[in-house]
Amino acid sequence: MLTPTKDVVTVAEGTQYETAGLYSYARGLFRRPVIFGSETNYRQYNRLRSGQIVYSKLFGWEGAVAYVPDEFDGVHVSHEFPTFKIDEAKLNPRYARHFVTWPSFHAALSKEASGMGSRRQRVKPERFLNSHIPLPDLVEQCRIADTLDAGMGGIVRILELKGEADTLVSQHADSLLRSVDQVATLGSALRVDQDFVDVSSDEKYAVTGIYSFGKGLIKRPVIQGSETAYPRFARLRKGQIVMSKLNAWEGALAVVDERFSGTYVSPEYPVFSLNTETAHPAYIGHLLAWPELWSRLTPRGSMVRRKRTTPATLLATEVPLPPLPEQRRIAERLTLARRVAEASARQVADLEVLRKGLLDAAFSGRL
């Protein structure tokens with residue numbers, strides 16, 4: 001039903017090539033930057049054609065498999081991405097397009113992968129071709145494909161609308177913050193905290209980290225004091241501000257809520273207390289999630305190579321800081337918008353369950 005294809009292109013140094021990669025978890029192809037042949041070590045490329053199936057030898061086991069859409073026709077991939085032509089006398093292309101997104105198919109590929117450990121698993125072409133596919137007659141394949149096209153089309157449209165809504169929420173926050181006339185340094189709202197505890201090798205510590213891009217704090221596994229080289233940790237309290245020296249410039253800043261109170265961070269995460277006489281906690285929380293603030297923290301000068309942001313840099317950064325009543329007003333509006341965005345995020349999780357359920361039903365004979 002699938003036949004390996006060999007549309008091989010010899011790479012010439014002075015020629016430009018449109019190239020592509022494959023996302024894992026059935027998220028499809030993506031375009032890489034156009035490059036000259038002199039910029040790659042590959043001497044040959046595989047050229048994609050619309051209607052093919054392509055997968056990643058290295059990450060096929062985690063869903064890096066896709067049906068090639070028209071917009072990727074003629075784009076190039078390395079020999080690490082085998083391509084296959086569909087025998088349409090036996091296999092409906094739309095049926096195949098949905099099948100390669102099925103998590104149970106990816107799980108089967110994982111069992112076929114070779115190598116030591118998940119990081120080195122590789123799916124060889126012969127093993128890919130030996131994978132089993134439920135194969136009703138072409139009429140039934142068409143019926144199933146029609147049903148999945150309709151269901152998946154609705155899911156995609158909802159996700160598109162969510163993306164548009166998230167963009168509007170971000171634009172709304174940016175507009176409100178930029179409209180503030182009064183500015184001050186963060187040093188007028190924050191002060192460095194020094195609640196350190198000495199690390200004991202016999203004690204256990206609940207350690208916290210920070211996501212980038214304003215996504216908040218993350219609980220890490222509890223560790224034994226003997227498992228860290230740090231001689232001391234900072235103990236967090238509700239209402240404090242935490243920053244990652246390494247990633248503050250890409251949004252690794254957060255307000256501590258009750259879930260993380262009493263946990264610990266290393267000295268790589270400076271901690272600050274909030275001056276509530278000049279700053280409203282909710283307003284500062286929204287300010288820390290503002291991409292414009294992150295850009296102002298981008299390291300320059302001697303710190304560029306390591307991209308580290310010091311506490312002094314954070315405190316010296318100018319931000320919109322109106323009087324407290326105005327901060328409260330802005331925070332209320334942004335909090336409402338954030339709640340709407342969080343509700344839609346939960347809906348996305350539900351849609352993923354629905355997507356998997358549709359695929360399970362389709363390829364298990366229950367659709």
Side-chain angles (χ1 to χ4, degrees), residues 184-291 293-294 296-299 303 306-319 321 324 327-328 331 334-335 338-339 342 345:
T185 64
L186 274 170
S188 64
L190 307 177
R191 60 177 178 273
V192 177
D193 230 326
Q194 302 287 343
D195 185 11
F196 288 106
V197 298
D198 292 329
V199 174
S200 170
S201 61
D202 298 327
E203 297 290 331
K204 292 184 177 181
Y205 299 88
V207 180
T208 287
I210 311 178
Y211 287 115
S212 293
F213 309 112
K215 294 183 179 179
L217 298 172
I218 176 174
K219 287 187 177 179
R220 300 194 182 280
V222 174
I223 64 169
Q224 195 78 24
S226 57
E227 297 178 290
T228 179
Y230 290 111
R232 61 181 188 171
F233 283 146
R235 182 164 41 205
L236 300 180
R237 301 188 308 273
K238 180 181 177 181
Q240 290 178 316
I241 309 299
V242 188
M243 174 189 84
S244 165
K245 291 180 183 178
L246 190 60
N247 296 315
W249 62 277
E250 62 175 15
L253 307 111
V255 179
V256 180
D257 62 29
E258 60 275 0
R259 295 172 298 165
F260 295 90
S261 185
T263 63
Y264 300 87
V265 291
S266 79
E268 287 297 304
Y269 297 85
V271 181
F272 307 85
S273 290
L274 185 68
N275 180 359
T276 55
E277 294 182 0
T278 59
H280 188 272
Y283 178 84
I284 294 298
H286 291 294
L287 194 62
L288 297 180
W290 188 32
L293 171 61
W294 311 341
R296 296 178 188 182
L297 296 176
T298 300
M303 301 302 287
R306 298 184 68 194
K307 286 197 170 181
R308 297 173 70 82
T309 303
T310 66
T313 299
L314 179 71
L315 295 177
T317 301
E318 287 194 339
V319 295
L321 201 67
L324 282 173
Q327 289 183 40
R328 292 191 188 95
L334 294 183
T335 297
R338 179 178 290 178
R339 286 174 181 166
E342 289 171 349

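In what follows, residues are counted from 1 in the order of the sequence shown.
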Ignoring hydrogens, what is the shortest heavy-atom contact between [X] and [Y]? Give both atom names and the distance.
X	Y	value
P311	V192	CB-CG2, 4.3 Å
K204	V222	CB-CG1, 3.8 Å
L297	T309	O-OG1, 3.2 Å

Checklist entry - Taking only residues at least two apart or on different chains, which pairs with a member in residues 273-291 satisfy salt bridge (charged side-chain N to carboxylate O under 4.0 Å, His left out)? => result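 Sorted pair list comes back empty.
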Contacts satisfying salt bridge (charged side-chain N to carboxylate O under 4.0 Å, His left out) that involve residues 278-288 (not counting sequence neighbours) are none
According to side chain to side chain donor-acceptor pair (under 3.5 Å), who are the partners of [X], at least two apart in sequence or on a separate chain?
X	result
W294	none
T313	T310
T276	none

key: Heavy-atom check, side chain of V207 versus side chain of T228, under 4.5 Å   =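 Heavy-atom side-chain distance check fails, nothing below 4.5 Å.
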Q: Evaluate the side-chain proximity of D195 to V271: yes if any heavy-atom separation is below 4.5 Å, no if none is.
A: no
Donor-acceptor pairs under 3.5 Å, side chain of residues 208-221 to any protein atom, not counting sequence neighbours: which ones?
unit_1, atom_1, unit_2, atom_2, d
T208, OG1, T263, OG1, 2.8
S212, OG, E250, OE2, 2.8
K219, NZ, R259, O, 3.2

Considering only distance and modelled atom types, tabulate donor-acceptor pairs under 3.5 Å from the side chains of residues 229-245, sequence neighbours left out.
unit_1, atom_1, unit_2, atom_2, d
R237, NH2, D193, OD2, 3.2
Q240, OE1, R237, N, 2.6
Q240, NE2, D193, OD2, 2.8
S244, OG, L246, N, 3.3
S244, OG, N247, N, 3.1

### Query
With the threshold set at 4.0 Å, does a side-chain nitrogen-carboxylate oxygen contact exist between E268 and R308?
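Looking at E268 and R308, the cut-off is met.
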Quick note, ring-ring contact (aromatic ring centres under 6.0 Å, His included) partners involving residues 255-284, not counting sequence neighbours, are Y205-Y264
I'd like to check the salt bridge (Lys or Arg N to Asp or Glu O under 4.0 Å) partners of E318; sequence neighbours left out, ordered by chain and number.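 Testing E318 for salt bridge (Lys or Arg N to Asp or Glu O under 4.0 Å), a comparison that skips the adjacent residues, returns none.
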Using the side-chain contact (heavy atoms from CB on, under 4.5 Å) criterion, which residues pair with [X]? Sequence neighbours excluded.
X	answer
A184	S188, L321
A279	A189, L274, I284, Q327
S201	S226

